[in-house]
Amino acid sequence: MINYLEYFTLVLIFSLIYNLNTAFAAKNKYVTCGTVLKLLNTDYNVRLHSHDVKYGTGSGQQSVTATEVQEDVNSHWQINAPTGKFCERGESIKCGDIIRLYHLATNKNLHSHHFQSPLSGNQEISCYGNDNGEGDSSDHRESPSPLSLPWLRDMKIKLRHVDTDSFLGVSGRTFGRPINGQMEVIGTHSSYSGAEWKAAEGLFVHPKEKDQYSGNVHTEL
């Protein structure tokens, strides 16, 4: 004979677990200020990357590439406010907001200017900044959109360079030594090929929990 009390107790427990998991997943779907993530180029399936290797041409600044390796710590970028501005950890990032991408391993910011990229002759992308991780307006990017939608983890976005109006992209060309096999990252004025990105692995700061010490991050690094 069925024990209805036990049956309904189990149903209630499973319902609570499901609702908690659903709520937890919903909190993890946003990219917010302070989030540390890897950016995946959806056209070439490579992650935005940098390292302490300087370009031999152009600006001579720290090079930026894209790699197929998922686990490389040199692919971690933090979402920060523009130079001279401040945003709280967990603050929503919306399409149209101006941000900086800060490279954790080398303490520099994703940067661009009018130098030519070394392989394809497009616009060079570098990393730049002082010892405190501060640069200038050439570090600023936005995801243009007529709607101020929040940045969702599974959303494909384009990252426009504010100063030069170019889009962060991948040319499809690969380097030789000392960064053999890594792809060239460029600034391009075409937003249709190689210029779509999405959040991949990361340490995601939950919105509306930024003032709590525990339980406010979700990590997939």
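Bear in mind the structure is a predicted one, so any value in this text is a computation, not a measurement. Note that the numbering runs from 1 along the sequence shown for the chain.
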Quiz item: Would you call Lys94 and Leu149 a side-chain contact if the rule is heavy atoms closer than 4.5 Å?
Solution: no

Quiz item: Just one of His140, Gln123, Glu124, His161 clears the side-chain hydrogen bond (donor to acceptor under 3.5 Å, both in side chains) bar with Ser112, so which one?
Solution: Gln123

Quiz item: So, do Thr35 and Trp77 sit near enough that their side-chain heavy atoms are less than 4.5 Å apart?
Solution: no

Quiz item: In Å, rounded to the nearest 0.5 Å, how long is the span from OG of Ser50 to CG of Leu101?
Solution: 11.5 Å

Exercise. Give a yes or no on whether a salt bridge exists between Arg47 and Glu71, defined as a side-chain N under 4.0 angstrom from a carboxylate O.
Key: no

Practice problem: Determine, step by step, whether Leu159 and Phe167 satisfy the side-chain contact (heavy atoms from CB on, under 4.5 Å) criterion, reporting the C-alpha distance in whole Å, the side-chain angles of both residues, the deciding distance to 0.1 Å, and the verdict. | Solution: CA-CA 6 Å; Leu159 289 166; Phe167 292 91; over 6 Å; no

Quiz item: Can you tell me how far CG of Asn107 sits from OH of Tyr102, rounded to the nearest 0.5 angstrom?
Solution: 3.0 Å

Quiz item: Can you find a pair of side-chain heavy atoms, one from Val36 and one from Leu104, that are under 4.5 Å apart?
Solution: yes

Quiz item: Got a second to check how far Ile125's CD1 is from Gln62's CD, nearest 0.5 Å?
Solution: 13.5 Å

Quiz item: Distance under 6.0 Å and angle within 45° of the ring axis: does Arg153 meet both against Tyr30?
Solution: no

Quiz item: Given side chains that start at C-beta, do those of Asn45 and Glu68 come closer than 4.5 Å, heavy atoms only?
Solution: no

Quiz item: So, are Arg173 and Glu184 salt-bridged, with charged N and O less than 4.0 Å apart?
Solution: no

Quiz item: With a 4.0 Å cut-off, would you call Asp154 and Lys29 a salt bridge?
Solution: no

Practice problem: Assess whether atom CG of Asp52 is packed by more than 12 heavy atoms of other residues, nucleotides or ligands within 6.0 Å. | Solution: no

Practice problem: Calculate, to the nearest 0.5 Å, the distance between atoms CG and OG1 belonging to Leu48 and Thr65 respectively. | Solution: 8.0 Å

Quiz prompt | Ile93 side chain reached by Ile79 side chain, heavy atoms, under 4.5 Å | solution = yes

Quiz item: Do Ser137 and Asp163 have a side chain donor and acceptor closer than 3.5 Å?
Solution: yes

Quiz item: Any luck finding a side-chain donor-acceptor pair between Thr188 and Ser190 under 3.5 Å?
Solution: no

Practice problem: Examine the side chains of Ser126 and His111 and answer whether a donor and an acceptor come within less than 3.5 Å of each other. | Solution: no

Quiz item: Are a donor atom and an acceptor atom from the side chains of His51 and Ser63 found within less than 3.5 Å of each other?
Solution: yes

